[in-house]
J.: 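Encoded as structure tokens, here's the structure I'll be asking about.
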Amino acid sequence: MNPTIRTAAIGTERLELLPLRVDHAEEMAAALSDPALHTFIGGTPDTPRDLRARYERMVAGAPDPAVSWCNWVIRLREEASLAGTVQATIGPSGDGLTAEIAWVVGTPWQGRGIATEAALGLVAWLAGQPVDGPFTLVAHVHPDHRASAAVAAACGLTPTGTWHDGEIRWQRSLR
């Protein structure tokens with residue numbers, strides 16, 4: 001039996017990945033407010049109120065006790081500002097676990113390697129978790145989103161050819 005994985009702060013060279021809190025909603029709504037950010041992920045930017053409601057649900061945790069919702073905000077140390085999020089939804093799969101990972105960085109901070117650094121920090125943290133049996137990382141990337149594909153590749157994930165909701169499944173086995 002695998003323990004429930006709990007979110008903890010993660011440090012990288014330039015970033016702090018801080019466990020998501022409801023009070024991050026206002027700053028994150030501003031950071032993610034550019035409609036262009038939704039070109040590949042769809043939808044429109046959330047208002048601070050909508051994001052607060054979503055964060056309340058996320059912080060409360062998954063309704064299934066076998067699933068861990070691990071969510072972080074990306075804080076740039078030097079600028080002392082929030083720039084995006086990373087997440088991992090971890091649950092049982094066969095005789096091990098699967099972690100579906102995702103990342104998003106606000107438009108003003110894109111092109112600086114922040115998503116890659118944050119995702120690599122997340123993957124290293126996941127690799128250090130006490131998991132019995134196989135542990136697989138999965139990300140879903142829009143086929144035209146070259147920047148996100150580059151982040152997935154930097155994390156050691158490879159495209160599988162499997163499609164899910166118009167996105168390609170990328171995968172890596174941690175053990």
Side-chain angles (χ1 to χ4, degrees), residues 1-25 27-28 31-32 41 46 51-77 82-106 109 113-142 145 148-160 162 164-165 167-175:
M1 181 71 181
N2 289 302
T4 299
I5 295 176
R6 302 257 183 244
T7 308
I10 301 168
T12 69
E13 184 179 338
R14 299 178 295 161
L15 312 173
E16 293 174 309
L17 307 181
L18 303 172
L20 179 71
R21 296 188 326 252
V22 174
D23 66 359
H24 288 132
E27 186 175 354
M28 286 307 305
L32 305 177
I41 60 175
D46 284 320
L51 204 53
R52 177 175 284 281
R54 183 179 342 151
Y55 286 2
E56 285 172 354
R57 290 188 303 273
M58 292 166 73
V59 168
D64 181 345
V67 174
S68 295
W69 286 350
C70 298
N71 297 280
W72 295 263
V73 293
I74 301 169
R75 182 179 180 277
L76 295 129
R77 280 197 189 102
L82 301 183
T85 62
V86 291
Q87 65 186 53
T89 300
I90 306 162
S93 177
D95 60 350
L97 291 179
T98 294
E100 292 205 23
I101 63 173
W103 48 87
V104 63
V105 171
W109 299 278
I114 292 168
T116 299
E117 185 174 334
L120 285 168
L122 170 61
V123 169
W125 182 83
L126 288 167
Q129 297 305 300
V131 174
D132 298 327
F135 194 12
T136 303
L137 300 182
V138 171
H140 296 97
V141 178
H142 189 282
H145 200 322
S148 201
V151 172
C155 291
L157 284 79
T158 55
T160 65
T162 300
H164 177 77
D165 290 337
E167 297 180 320
I168 299 172
R169 178 183 171 109
W170 289 61
Q171 190 169 306
R172 173 185 173 188
S173 177
L174 289 179
R175 32 186 160 317

J.: Does W72 use its side chain to pair, donor to acceptor, with the backbone of L122 at less than 3.5 Å?
T.: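 No: the side chain of W72 does not pair with the backbone of L122.
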
J.: Between T7 and N71, does the side chain to side chain contact (heavy atoms under 4.5 Å, CB included) criterion hold? Intermediate values first, please.
T.: CA-CA 7 Å; T7 308; N71 297 280; 5.9 Å; no

J.: Please find the pair of heavy atoms, one from R14 and one from I114, that lie closest to each other, and give the distance.
T.: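 Between these two residues, the closest heavy atoms are NH2-N, 3.7 Å.
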
J.: What is the distance from atom CZ of R77 to atom CD of E16, rounded to the nearest 0.5 Å?
T.: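 Answer for the CZ-CD pair, R77 versus E16, is 5.0 Å.
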
J.: Show your reasoning for whether side chain to side chain contact (heavy atoms under 4.5 Å, CB included) applies to T12 and L120.
T.: CA-CA 9 Å; T12 69; L120 285 168; over 6 Å; no

J.: Under 3.5 Å, side chain of E117 to main-chain N/O of E13, donor-acceptor pair present?
T.: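 Confirmed, E117 side chain pairs with E13 backbone.
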
J.: How long is the straight-line distance from OG1 of T85 back to NE2 of H24, given to the nearest 0.5 Å?
T.: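 One gets 11.5 Å once the value is rounded to the nearest 0.5 Å.
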
J.: Measuring from atom CD of Q171 to atom CD of E100, what distance do you get when rounded to the nearest 0.5 angstrom?
T.: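 Separation between the atoms: 10.0 Å.
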
J.: Does one side chain, of T116 or W103, offer a donor that lies under 3.5 Å from an acceptor on the other?
T.: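 Not at all, the side chains of T116 and W103 share no donor-acceptor pair under 3.5 Å.
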
J.: Which distance, rounded to the nearest 0.5 Å, do you find between the CG of L97 and the CD of Q129?
T.: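 Answer for the CG-CD pair, L97 versus Q129, is 10.5 Å.
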
J.: For R169, is there any backbone N or O sitting under 3.5 Å from a side-chain donor or acceptor partner on T160?
T.: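 Flag set: sc T160 to bb R169 pair under 3.5 Å.
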
J.: Working to the nearest 0.5 angstrom, can you tell me the gap between I101 CD1 and Q87 CD?
T.: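 It comes to 10.0 Å.
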
J.: Between H164 (side chain) and E167 (backbone), is there a donor-acceptor pair under 3.5 Å?
T.: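 Checking the backbone N and O of E167 against the side chain of H164, no donor-acceptor pair under 3.5 Å is found.
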
J.: Please give me the minimum heavy-atom distance between A99 and F135, naming the atom from each residue.
T.: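 A99 and F135 have their closest heavy atoms at CB-CE1, 3.8 Å.
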
J.: To the nearest 0.5 Å, what is the distance between CD1 on I10 and CG on L15?
T.: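 So the CD1 of I10 and the CG of L15 are separated by 10.5 Å.
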
